[in-house]
Amino acid sequence: ARRRWLDPPATTATAPPDFGRFARAVWRLVARIPPGRVATYGQLAAMLGRARHARLVGRALAGCPSELPWHRVVNAAGRISTRARVASMLTQRIRLEHEGVRVRRGRVTLRRYRWRGDGEERPR
């Protein structure tokens, strides 16, 4: 069964009680990141009032709908985070490069490509 866009992910014993609501908020925020821009897990957590909860953002994205632009989220160093499935790391790199984001040695220059959430549309 394919998950609908705003259906909450399954919760686990280690997830906070409001994880479904938080995950949907993460998904809505990630959907706003324009092509050619990236955001970090920690940046998204802070924008949602949960500073220092970058891993919770990662958990929300692990269960996100496939049409969400999850590939626009990188770690604090601008790197594509390692995953159990190497293919998804390659997919993320290909999608970013297709949008004009330069990825070198698995890293994006945040100074150039970071989305600030202020409506900017194109990379500098």
Side-chain angles (χ1 to χ4, degrees):
R2 191 167 170 198
R3 183 181 315 190
R4 287 181 5 136
W5 218 84
L6 292 178
D7 287 347
T11 58
T12 64
T14 59
D18 65 340
F19 181 68
R21 183 174 41 233
F22 177 75
R24 288 188 302 274
V26 169
W27 298 348
R28 284 190 296 272
L29 189 54
V30 169
R32 291 180 44 212
I33 304 171
R37 290 291 187 183
V38 298
T40 67
Y41 296 98
Q43 174 187 348
L44 295 175
M47 291 171 96
L48 292 170
R50 295 264 183 117
R52 302 183 54 90
H53 284 85
R55 288 184 182 187
L56 202 55
V57 171
R59 179 183 284 178
L61 288 177
C64 76
S66 60
E67 63 270 15
L68 196 73
W70 58 268
H71 61 281
R72 296 180 188 146
V73 183
V74 295
N75 70 23
R79 295 193 182 281
I80 293 172
S81 294
T82 57
R83 296 180 183 83
R85 289 186 48 216
V86 175
S88 66
M89 295 168 58
L90 181 58
T91 299
Q92 183 173 10
R93 181 184 185 124
I94 290 168
R95 287 183 177 185
L96 286 171
E97 288 179 340
H98 179 49
E99 292 181 354
V101 176
R102 188 174 171 169
V103 181
R104 294 296 173 252
R105 295 183 178 151
R107 188 168 184 222
V108 171
T109 305
L110 292 175
R111 188 174 57 247
R112 180 172 183 187
Y113 296 107
R114 183 192 303 263
W115 175 64
R116 305 243 179 241
D118 58 7
E120 57 184 295
E121 298 297 324
R122 295 188 184 276
R124 295 180 258 233

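Basis for what follows: all heavy atoms, side chains included, without hydrogens, waters or symmetry-related copies.
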For this session: Could you grab the distance from atom CZ of Arg79 to atom CD of Gln92, nearest 0.5 Å is fine?
Result: 13.0 Å
For this session: Mind listing the closest non-hydrogen atom pair of Ala54 and Ala45 along with its distance?
Result: N-CB, 4.0 Å
Exercise. Where is the tightest heavy-atom contact between Met47 and Arg116, given as atom of each residue plus distance?
Worked result: CE-O, 4.0 Å
Exercise. Does the Arg107 side chain pair with the main chain of Ala77, one donor and one acceptor, at a distance under 3.5 Å?
Worked result: yes
Exercise. Backbone N or O of Leu96 within a donor-acceptor pair of the His98 side chain at under 3.5 Å?
Worked result: no
Problem set entry | Value rounded to 0.5 Å, distance of CG in Leu44 from CZ in Arg32 | 10.0 Å
Exercise. Got a second to check how far Thr91's OG1 is from Ile80's CD1, nearest 0.5 Å?
Worked result: 10.0 Å
Problem set entry | Student check: side-chain heavy atoms of Pro35 and Arg37 closer than 4.5 Å | no
Problem set entry | Closest heavy-atom pair and its distance - Trp27, Gly63 | CZ2-O, 3.4 Å
For this session: Would you give the length of the straight line joining atom OH of Tyr41 to atom CZ of Arg59, rounded to the nearest 0.5 angstrom?
Result: 13.5 Å
For this session: Please check if Trp70 and Ile33 belong to a single hydrophobic cluster, counting links between Ile, Leu, Val, Met, Phe, Trp and Tyr side chain heavy atoms closer than 4.5 Å.
Result: no
For this session: Find out whether Trp115 and Arg72 are in side-chain contact, i.e. whether some heavy atom of one side chain is under 4.5 Å from a heavy atom of the other.
Result: no
For this session: Indicate yes or no for a side-chain donor-acceptor contact from Gln43 to the backbone of Val73 under 3.5 Å, with no hydrogens or angles considered.
Result: no
For this session: Check the pair Leu56 / Val26 against side-chain contact (heavy atoms from CB on, under 4.5 Å), numbers first and verdict last.
Result: CA-CA 10 Å; Leu56 202 55; Val26 169; over 6 Å; no
Exercise. Considering only heavy atoms from C-beta outward, does the side chain of Leu110 approach that of Val74 to under 4.5 Å?
Worked result: yes
